[in-house]
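Note sheet for the following structure.
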Amino acid sequence: MLIKGKNYRTIWMEGNTIQTIEQNKLPEEFEIISIDTLEDVAKSISTMIVRGAPAIGAMGAFGLAQAIQKMAAPNKQEIQNVRDFLFQTRPTAYDLQHGLDFVMAKTLSESDPHTMKQIAMESAQAYVDASAEACRKIGEYGNSLINDGDKLLTHCNAGALATVDYGTALAPMRLAHKNGKNIFIFVDETRPRLQGAKLTAFELHEEGIPYAVIADNAAGFYMARGEVDMMITGTDRVAANGDVANKIGTYEKAVVAHENGIPVYIAAPISTIDFTCPTGNDIPIEERNQNEVLDVDGHRVAHEGSTALNPAFDVTPAKYITGIITEQGIYNPGELDKIIHK
Ligand code: MRU
C-alpha cells in the first residue's frame, strides 16, 4: 500500500523481530512498532494494534514462528501451548486459526530442532506472502465487477491495513482506480471504533481515490436515493453455507442494499472461509469492552452510569449476498463447495 508515496506491507519480519503499523494511532500518527515477545504479539492482536482478519492471521503466523525460535528444543506440547495462547486473542476472525495451524503443521512435520525453527520461519513467511497474493487476485476479480462511474459503499476497513497488502474489499477499488475508472466510495464511519473514518479514509486518501465518510446511519439514505451501485465489504469468517460474519452493522447495510436491488459482494481470501462451520449461527462473535461504545475516541459521551453492549461483529445471511470474491474467482454463496482448499 502507498503511504506518503512509499510502499508498505501492514506486517513484516526483520530478522526475528515483527514489524507492524500501529493502527490505533492512525490517521494522526504513522508509527511502525517492533514486536519481540509472545506477550506483545498477543497484545497487538487483542488491543487492535493490528486488526482485520488476514492481518491477524499474518500476526499469528509470524508470532508463532518467532516464539518457536526462542524454544530450546521445540516440541509439540510447547508449540500447541503458544498456538492456543495466541488463538484466544480474538475469536471471530478465522484467518488467525488458519495462520497458526499452518505454521504449526509445517513445523511439526520435522523433528530436528534446528530444522523445525527454520521451517517455522519459512512457512510463516510463505503464509504471509500467499495471503498478500490472494488479496492481489481478489483485486483483479473484483475489478471486473466495477464499471466506470460506479459509486461503491464499504463498511469498516477491509483495506491493505486489514490484510498483508492490497486489502480485500478495497483491492478491487484500488485496481479500478489505477486502471483509470472514475469511482467514488461511500465510507461508513463504523462505530464504535471508527475503522472507516480513520483507516479506510486514510488508505483512500493516500491512494488518491475519491471518497466521502458518512455516518453509519446515512448509508440507507444514499442507497434509497439510488446513489450506490454496489456494496463491497470484507469478512472475518464465512460459514460453509455462505453466511458471513463481518464488522457490526454489515448485516443491516446488506439488508437495505438487498431491499434496494443493490448487489452485495463480500471479498475474502479462502483462508477466511471456515468449511467446518455449518452456518453463521455457529460463528463465535466477539464482545468487546463497553467503553468502546460509551466513549468516542477516548472521551466519555454516554450519560454517567450508563452501561453498553458491544458485539464486534454480526452475521449476514447468505440470501443477502450476491457473490463472494476470492482469489479463485467469484462464487455464489451457495456454491462454496466448488472451492479448492486444503
Ligand atoms: O474489528 P476489526 O477491525 O478487526 O474488524 C475488521 C473487519 O470487520 C473487516 O471487515 C474484516 O476483518 C475483513 S478485513 C480484510
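All ligand and atom numbering here is 1-based and tracks the order in the structure.
Taking R174 as the reference, E203, E207 meet the salt bridge (charged side-chain N to carboxylate O under 4.0 Å, His left out) condition, with sequence neighbours excluded.
Figure legend: cation-pi geometry between K25 and F30 absent, as NZ or CZ is not positioned both under 6.0 Å from the six-membered ring centre and within 45° of its axis.
The OG atom of S131 sits 10.0 Å away from the NE2 atom of H98 when rounded to the nearest 0.5 Å. In this structure, I185 CD1 and I183 CD1 are separated by 4.0 Å, a value rounded to the nearest 0.5 Å. Interatomic distance, CD1 of I56 versus OG1 of T89, reported as 7.0 Å (0.5 Å rounding).
Looking at K137 and E140, no side-chain N of the basic residue comes within less than 4.0 Å of a carboxylate O on the acidic one, giving no salt bridge.
Listed by chain and residue number, the protein contacts of ligand 1 are M48, R51, G52, A53, P54, R90, C156, N157, A158, A162, T163, T168, Q195, G234, T235, D236, N246, K247, F313 (heavy atom within 4.0 angstrom).
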